[in-house]
Protein chains: 2
Amino acid sequence: MSGVRAQQKEKTRRQLIDAALSQLSAQRSFSSLSLREVAKEAGLAPTSFYRHFTDMDELGLTLVDEAGLTLRQLMRQARQRIAKGGSVIQISVETFMEFIESNGNIFRLLLRERSGTSAAFRAAVSREIRYFTLELCDYLQQANKLDADIAYLQANAAVTIVFSAGSDALDIDEKSELKQLATSTIQQLRFIARGAADLSSRRKAGKV
Amino acid sequence: MSGVRAQQKEKTRRQLIDAALSQLSAQRSFSSLSLREVAKEAGLAPTSFYRHFTDMDELGLTLVDEAGLTLRQLMRQARQRIAKGGSVIQISVETFMEFIESNGNIFRLLLRERSGTSAAFRAAVSREIRYFTLELCDYLQQANKLDADIAYLQANAAVTIVFSAGSDALDIDEKSELKQLATSTIQQLRFIARGAADLSSRRKAGKV
DNA sequence: TAATACAGTGTACACGTGTACGCTTATTTA
DNA sequence: TAAATAAGCGTACACGTGTACACTGTATTA
């Protein structure tokens with residue numbers, strides 16, 4: 001019952017996943033990857049692929065799950081930093097930018113499949129982003145004492161802005177430009193925060 | 001010099017462009033289109049394609065240009081409506097949503113190629129979006145008397161939010177959900193506008 | 001009118017694709 | 001220990017791809 005076999009199987013499954021991830025790049029999208037290429041990179045015969053996934057799509061959805069996991073790690077990391085003090089918005093953006101820098105291909109995967117041709121992929125990505133947004137929403141709600149609906153609008157807008165900035169960051173290598181992008185993003189997030197706080201206070205004053 | 005020949009050539013060129021556009025859908029991205037498919041749809045032999053474009057990429061870039069044109073038409077349409085009075089933000093969002101409804105595939109093209117694998121495509125799309133943003137920036141600057149930098153931040157954030165909403169709209173058919181999406185988007189744009197106006201007034205009061 | 005340019009055709013090729021099928025080999029089960 | 005199970009392999013096939021090449025027929029030019 002030790003499961004030498006199951007263990008080996010899990011290992012080659014990982015090899016397939018890693019092979020796929022390693023082939024992703026600015027020039028290579030998941031949908032352009034072929035089953036044969038991935039199998040080859042993993043050191044497997046093409047037909048062995050089927051022992052682990054029925055489809056490239058199934059592999060792809062697994063990758064999206066991985067990406068969601070990484071995204072949640074990011075959240076945790078940001079929260080740790082925030083707990084140590086400092087501007088919430090600034091630290092969040094900095095953390096996100098670092099994430100992009102070291103996980104560019106995973107982030108690209110999310111960006112691309114979000115508007116891709118597979119409904120299943122789109123749903124999976126939007127689910128991951130929704131989790132991400134909801135966590136932020138919770139945070140805003142209790143940290144800033146906002147109503148649920150306002151907090152959600154702010155969280156949703158903030159995530160949109162940050163993801164868009166991340167997307168732009170992928171096409172920049174100049175350090176100073178990245179710095180500039182971060183600064184602009186921070187300012188935009190402040191706009192949103194201000195607007196949300198403003199609506200909240202007007203609502204509490206009974207004007208809305 | 002009438003150019004019967006040149007005229008005919010232009011016509012089949014258009015047929016190729018239209019053929020490509022007509023094959024785009026939620027399930028079909030430009031990059032998944034083959035030269036042969038497009039030629040066939042246009043009623044041409046595969047090899048005749050080369051008389052008009054060196055590449056599928058060249059066709060694709062032409063499509064992006066078309067999309068940019070459509071986008072600018074949208075702008076003009078929105079401005080006309082705004083001139084007739086009403087909430088600027090609301091009218092803009094409504095106009096944009098109508099655009100999505102009748103130009104879904106063109107909008108999808110922009111969304112997809114923005115994060116696609118071709119640097120040329122990404123550059124072309126980001127150029128079109130930049131034009132769009134700059135027009136809005138000009139408008140905000142003179143309508144709201146904002147400084148150039150603040151106006152640009154607002155325009156950029158607004159375009160990001162609206163495009164993201166458009167992307168979400170593509171996966172919704174329920175009428176009431178679309179309405180809800182539009183309402184949320186409008187509120188988010190108001191957040192941004194408020195934040196920008198706020199920074200502007202604080203700056204003018206000499207506090208920043 | 002004769003020569004030229006050129007849009008469009010059809011054939012042909014090499015290549016990469018997904019996957020069906022039967023086999024081997026080592027672990028697991030009985 | 002014998003039988004069953006299952007991961008991984010190799011072969012083979014049909015299919016769609018981009019594009020090279022030689023061609024035809026007609027508008028344009030000289």
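Quick caveat, the model's predicted, so the values are computed rather than measured. Sequence lines set the chain letters: A, B, ... in the order given, protein chains first and strands last, and positions in each chain run from 1.
- B:L44 has its CG atom 9 Å from the C1' atom of C:dA7, to the nearest Å.
- B:Y50 has its OH atom 16 Å from the C1' atom of D:dA22, to the nearest Å.
- Side-chain N/O atoms of A:S48 include none lying less than 4.0 angstrom from OP1 or OP2 on D:dA7.
- Out of C:dG8, D:dT28, D:dC9, the shortest distance to the side chain of B:V4 is found at D:dT28.
- Atom-to-atom, CD of A:E58 to P of C:dT19 comes out at 12 Å; the value is rounded to the nearest Å.
- Of the candidate nucleotides D:dT17, D:dT5, C:dT9, D:dT5 has the atom lying nearest to any side-chain atom of A:R5.
- Mapping A:R51 and A:P46 onto DNA chain C via the closest heavy atom, the residue that lands nearer the 5' end is A:P46.
- Taking atom CD of residue A:Q7 and atom P of nucleotide C:dA26, one finds them 18 Å apart after rounding to whole Å.
- A:S126 contributes atom OG, which lies 10.0 Å from atom OH of A:Y131 (distance to the nearest 0.5 angstrom).
- Remark: B:F121 CZ to B:L61 CG distance equals 4.5 Å, nearest 0.5 Å.
- The B:K9 side chain lies nearest to C:dA7 when the options are C:dA7, C:dT9, D:dA7.
- Whole-Å rounding puts the B:K40 NZ to D:dG16 C1' distance at 11 Å.
- Using a 4.0 Å cut-off, no side-chain N or O of B:T12 falls inside it from OP1 or OP2 of C:dA7.
- Nearest approach of A:I129 to A:R114, heavy atoms of both residues: CD1-CD, 3.8 Å.
- The distance from the CG atom of A:L178 to the CD1 atom of A:I172 is 5.0 Å, given to the nearest 0.5 Å.
- Rounded to whole Å, the distance from CG on A:L16 to C1' on D:dG8 is 11 Å.
- If you measure from atom CD of A:Q8 to atom P of C:dT25, you get 17 Å, rounded to the nearest angstrom.
- Classification of the B:F99-B:F107 ring pair by plane angle, with boundaries at 30° and 60°, yields perpendicular.
- Remark: B:T47 is not in phosphate contact with C:dT9, judged by side-chain N or O atoms under 4.0 Å from OP1 or OP2.
- In this structure, B:L35 atom CG and C:dT9 atom P are separated by 13 Å, rounded to whole Å.
- B:R36 contributes a side-chain N or O that forms a donor-acceptor pair with the base of D:dT19 under 3.5 Å.
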